[in-house]
Amino acid sequence: MSFAERMLKIDRRIIFLVIGLCTLLPLLYPVGLPIKVSPEVRGVYEHIESLPERSVLFLSFDFDPASKPELHPQAIALLRHAFKKNLRVIAMTLWVSGTGLADQIMTQVAREMGKENGTDYVFLGWSPGNTAVIINLGQDLYKTFPSDYGGKPTKGLPVLDGVYSLKDITYLVGLGAGNPGVEAWYVFGKDKYRFEMGGGCTGVMAPGLYPLLRSGQINGLIGGLRGAAEYESLIDRKGTAVAGMDAQSATHAAIVLLVIMCNVFYVSLRSQQGRG
Amino acid sequence: MILLRRQLPLVITLVTGLGMAAQYYVPHPASEGLLTSVTKWLQIIGGFALVLGVTSLFHVHAVKIRRQEAGWGYSVVLYAGMLGTIAVGLWANGKESIDGVMTAFGWVYSYMMVPLQGTMFAILAFFIASAAYRSFRARSREAAVLLAAAVIVMMGRVPLGEYILPLSGDVSQWILNVLNASVRRAILIGVSLGAVALSLKIIFGVERSYLGGGKE
Amino acid sequence: MPFESIVGAWVATGLTLFIFSFLYKDNPVFKVAEHLYVGVSVGYTIVKTYDTVIVHLIWKPIVENHEWMLLIPVFIGLLMLTRYVPKASWLSRYAFAFIVGVGSGLAIPRTISSFILKQVEDTIRPLLTLVPGEGVSFTWNLLSPASGVNAIIILIGVCSVLFYFFFSVEHTGPGKAVARTGVFFLMIAFGAAFGYTVMARMSLLIGRLTDLIEFSDASYGRPTLWLLVVTIGLLIVLGRRAQREPPQES
Amino acid sequence: MERETYFVKRTRGTAGPFLKVMMVLAALVGLASPVPAQTVSLPPHELRVFDTPSDGGGSLTVVWPPAPHDSKEVRYQVLLSEGAEDGDPSHFKVVDEFSSNTHYVRDSKWPWWTRPAGPEQHHATIKNGKAVELKSGNTYAVALAVVAGEQRIFSSVVQAAPEPNWFNWNQLNNLLLVLGFGGIVFFAIGLAKKREMFLRRIPGLDAVDEAIGRSTELGKPILYLTGAHDMNDPSTIAAAVILGRVAKRAASYETELLVPHREPITMAVCQEITKQAYLEAGKPDLFKEDSNFFITTDQFSYTAAVDGIMLRKKPAANFFMGAYFAESLLLTETGASTGAIQIAGTDSDHQLPFFVTTCDYTLIGEELYAASAYLSREPVQVGTLRGQDIGKAVILGVLGLGTLLATAGVALDVQWPQLFLDVFKDVK
């Protein structure tokens, strides 16, 4: 067995250990490398920045705990920004298992920024029906959600003053981890009800949303933990995403190194076989 | 009976399908009212569909426990987890928090469901690393191109990469915005044509596999 | 620190480590956690469906606001559940016929407008730009998404990939060159997706480890450290036992 | 058109001197503020008010020709009287106000076939909303005012009633595309039922044969997975069709076939398919009921079990067809470490990068369906594929021609390419 062959056959648990350490060490001993902001993230930030006070921002938290590390910080950063700008926030989720997370995010940030439920924001909760919910919201918000998450009737809530359907909202940001997600909000929402919209998504979804970004169907995109970190640095409130960036750097470097090693061994192995 | 069991469902699909497609082009309030009602109905039916999806799992594990098949103990764990969650959930009226105070249901969610589901997917990070080392090989020119693009994007999307190779940020931005977007666009167009063709076949009864189940 | 948070930290840490034990190998501790996960999430879905659908979308509107029209979807929903009654299971077809019909009908025009027209519209861009006073010019800037050179690259990418998924002509002659171009475009896009997926998975790991680090704090009683020892111990004991018993084929 | 030219000429004729006077006046008073250096001449002419076409009612459209005073400083006000009386417009409610060099028809999104007026004209839409109440069926009086500094000049009052419409003409292109594409698909299916249709060779299928051949040489089994979805999913159906082909080859080469399942119904269907394949290969005696076997529905337990099979039995060829999720990487990585030839086919685009890097050959997205149609020759499948191909060909043509026309439009500074381009726009 040649050296290359032996190296390729090492127990994968050693690699597990390497990647575990690459994540753990930067988390324990952060370096704080600077983060550059991409135009995609800036798109969402600047649009929110341009909105007048009391504009209606609609946030849909379409993710579950599996994507919490990526989308939770995005949601927190967006909410902090919106509350700082004194926007009215309507939030909901299309993913049943995301209800608890969405509720936590809303209560936590609202408490921290001193915002009042019903006046400054409302959390509508979850509803089944996926895309049908989006259309129904575009037709009549009060029919889709007769009551909010806490069971209070939505009709007459001060935060919903002048809002009858998706046609009346100023900006929508869908935070999606899959389907239904950002695309569904475009196809079944914006396509007909014509509001401005931006998106946030997991790293896995992000490359697939670039055609929509180019065509202006969404005016900004926050992609994965990196996107969240960019947003955090834009609003100048460093949170978990910025804290995770060093570990992200280390793991990426490790993976790149592993891929290179793998291919070096592979090529040397092949040339040996070619000679033999 | 064939009429009732085979023909009529196809007629329902045809009528509802054509109706809802036509609705898109008709701005009249009557048509908008129809859309409001039908989507409201779908919302409620969606709840029943969810129950349907869940119950098959119910059944599979009940059988396992009854027959005491290999690993039935795990099925008991599953049942215990499910029944426990339901009991706690009903107790809390299905709310994770009431006026910002966490309920027992919220506790189960935050301290059991969130870490369990989160970790299930986090273990993939380790497997990617091991696969990166053992099997992401440039077997062909295509795979080599793929890996090269992947390495650039991986470096360009983290601060360290941009620090070491300042160009990688711009290059990966260009890959995503131009090359990736064009491919995704072609795929999107192709898949959409497929989806429209499938929907049309369903409406006109050429494709019936969705009717599935149920004895004649 | 409230009591339930401390208990919660211990439970969460324990379950996290149990799942991570799969990295060593598939083992009963992992399986218990995995099944518990399925059970809890199914239970959660059931509770949420009950609360949202039965209480808030059906019971309250019908009983309190007398929206009798809502009995129609309830009826259709019940038809769906006849799937479990072998003799009446054909009735469920009506429900599926309705859902699938409506779903298809809603999707067709919206897909055409959002994914075909919009995408075609954006791909068709003039390759030249008219600068007032300067006349027509071609922009070479790769970094500007709207530049002429990028418009050409996108056009080539979209067309060659569409052609690659074209099954009515043999990929020979000039067709082969176009299809090859398409493959290379595809591979670059897959590479980008690969990079982003790696990023996403690593983020998940970072998220879990952040929690574990938080729970190793003394205020929680350091559950991470203690439970790590317990999990490793369990794995060793279970490993010993598996060695003593003859291996089973499953 | 004639009337418009006349109007333009006339306003030009009168605006000149008036403008000069105003400028002198402004200079005299010493106005250095952004108050208009020029001012309005005439009341806005030829105001047209009508129900906004292609909408659900509750909206009126106002159209009027441009004027030489159109500039940033001069503003237009759209005035509405809730009653129908033809009264004094100065008592009307201001429902919209904007600079007079904006709101041209050419800047709006109307395609050429629904454009209510020439591109150089002004337009405004009054909609039922918070500020105004517009009810379908009621008649309203509308007027226009030009505001320049202190000056406010009114147009004549025009009456109109909003009403709901039965067709959105802006979406005509969308409807035609649906009808056209639908027609093509059904025509192609009909044709495929009547005669054999050409489909190009799918290179991946050659790789499948090669892999089976190698397994036979090495005397090792073949592992075949059908994916995570159930039998209702097109990808699983395609996987089952391809399994038929693999099983037939395996039977004729007398190579062992292993098909672990995670869904009981799929297993039952695949058992039938395998049996049929062995019959067709003339080796029914070699068929083993338990070559298709059920493991578990749980994603990761299934993966661990299949990985175990790969490590123990060391199959020489692994096939991954159908839909996959995160488990794909765990499966293909173990397979690669055992040195097997691996062939994948999936429409799960998020897993494709991993299959491409860890497998020897990958059927990408639609190729999986094409391979299945190629093998089964089922008219509906083949016809649909052909229909989609025609759709793609049309889009390719539109992209090519459209880019040429759009470029020509810019280079020659002409408008006529829009006649073609508007048809392929999403205009609402």
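Chain A is the first sequence line, chain B the second, and so forth, proteins listed ahead of strands; every chain is numbered from 1.
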Shortest non-hydrogen contact between [X] and [Y], atoms and distance:
{"X": "C/Leu106", "Y": "B/Leu42", "value": "CD1-CD1, 4.2 Å"}
{"X": "C/Arg208", "Y": "B/Pro115", "value": "NH2-CB, 3.2 Å"}
{"X": "B/Pro9", "Y": "C/Arg93", "value": "CG-CB, 4.0 Å"}
{"X": "C/Val47", "Y": "B/Phe105", "value": "CG1-CZ, 3.6 Å"}
{"X": "C/Val102", "Y": "B/Val38", "value": "CG1-CG1, 3.7 Å"}
{"X": "C/Phe185", "Y": "B/Val183", "value": "O-CG2, 3.3 Å"}

What part of [X] is in contact with chain C, defined as an atom under 4.5 angstrom from a non-hydrogen atom: side chain, backbone, both or neither?
{"X": "B/Ala80", "answer": "neither"}
{"X": "B/Val178", "answer": "both"}
{"X": "B/Glu142", "answer": "both"}

- Once the angle between the rings of C/Phe20 and B/Phe126 is folded into 0 to 90°, is it parallel (under 30°), tilted (30 to 60°) or perpendicular (over 60°)?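 If you compare the ring of C/Phe20 with that of B/Phe126, the planes turn out perpendicular.
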Return the option, out of [options], with the maximum number of heavy-atom pairs under 4.5 Å with chain B.
{"options": "C/Ile54, C/Thr123, C/Leu209", "result": "C/Thr123"}
{"options": "C/Val120, C/Val40, C/Leu162", "result": "C/Val40"}
{"options": "C/Ile156, C/Leu70, C/Asp122", "result": "C/Asp122"}
{"options": "C/Tyr84, C/Tyr94, C/Phe18", "result": "C/Tyr94"}
{"options": "C/Gly207, C/Ala151, C/Pro28, C/Gly14", "result": "C/Pro28"}
{"options": "C/Val32, C/Val100, C/Asp211, C/Val85", "result": "C/Val100"}

Give, as side chain, backbone, both or neither, the part of [X] having an atom under 4.5 angstrom from any heavy atom of chain B.
{"X": "C/Thr16", "answer": "both"}
{"X": "C/Leu78", "answer": "both"}
{"X": "C/Val53", "answer": "side chain"}
{"X": "C/Ala95", "answer": "neither"}
{"X": "C/Val183", "answer": "side chain"}
{"X": "C/Ile72", "answer": "side chain"}
{"X": "C/Val55", "answer": "neither"}
{"X": "C/Ser5", "answer": "both"}
{"X": "C/Asn150", "answer": "both"}
{"X": "C/Ser160", "answer": "neither"}
{"X": "C/Tyr164", "answer": "neither"}

Distance-only donor-acceptor pairs under 3.5 Å for side chains of residues 191-206 of chain B, two or more places apart:
residue	atom	partner	partner atom	Å
B/Ser192	OG	B/Leu188	O	2.6
B/Ser199	OG	B/Ala195	O	2.9
B/Lys201	NZ	D/Thr384	OG1	3.0

Atom [atom1] in [X], atom [atom2] in [Y]: separation rounded to 0.5 Å?
{"X": "B/Lys40", "Y": "C/Met69", "atom1": "NZ", "atom2": "CE", "value": "12.5 Å"}
{"X": "B/Gln173", "Y": "C/Leu142", "atom1": "CD", "atom2": "CG", "value": "13.0 Å"}
{"X": "C/Tyr50", "Y": "B/Ile86", "atom1": "OH", "atom2": "CD1", "value": "12.0 Å"}
{"X": "C/Ser104", "Y": "B/Leu14", "atom1": "OG", "atom2": "CG", "value": "11.0 Å"}
{"X": "B/Arg185", "Y": "C/Ile154", "atom1": "CZ", "atom2": "CD1", "value": "6.0 Å"}
{"X": "B/Gln117", "Y": "C/Leu15", "atom1": "CD", "atom2": "CG", "value": "13.0 Å"}

- Trace of the side chain to side chain contact (heavy atoms under 4.5 Å, CB included) decision for B/Tyr111 with C/Val7: CA-CA 9 Å; B/Tyr111 293 113; C/Val7 179; over 6 Å; no
Taking every heavy-atom pair that is under 4.5 Å apart, which of [options] has the most such pairs with chain C?
{"options": "B/Tyr24, B/Phe121, B/Phe136", "value": "B/Tyr24"}
{"options": "B/Val76, B/Leu50, B/Val145", "value": "B/Val145"}
{"options": "B/Leu176, B/Thr85, B/Thr119", "value": "B/Thr119"}
{"options": "B/Leu90, B/Leu8, B/Val51", "value": "B/Leu8"}
{"options": "B/Tyr79, B/Phe48, B/Phe127", "value": "B/Phe48"}
{"options": "B/Ile45, B/Leu18, B/Asn180", "value": "B/Ile45"}

- Message: Any heavy-atom pair between the side chains of B/Glu96 and C/Lys48 that's under 4.5 Å?
- Response: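 Of all side-chain heavy-atom pairs linking B/Glu96 with C/Lys48, at least one is under 4.5 Å.
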- Message: I'd like to check B/Met120 versus C/Phe30 (side-chain heavy atoms, cut-off strictly below 4.5 Å). Are they in contact?
- Response: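 Sidechains of C/Phe30 and B/Met120: in contact.
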Could you tabulate the donor-acceptor pairs under 3.5 Å formed by side-chain atoms of residues 186-205 of chain C, not counting sequence neighbours?
residue	atom	partner	partner atom	Å
C/Tyr196	OH	B/Arg157	NE	3.0
C/Tyr196	OH	B/Arg157	NH2	3.3
C/Thr197	OG1	C/Ala193	O	2.6
C/Ser203	OG	A/Gln248	OE1	3.0
C/Ser203	OG	C/Met199	O	2.7

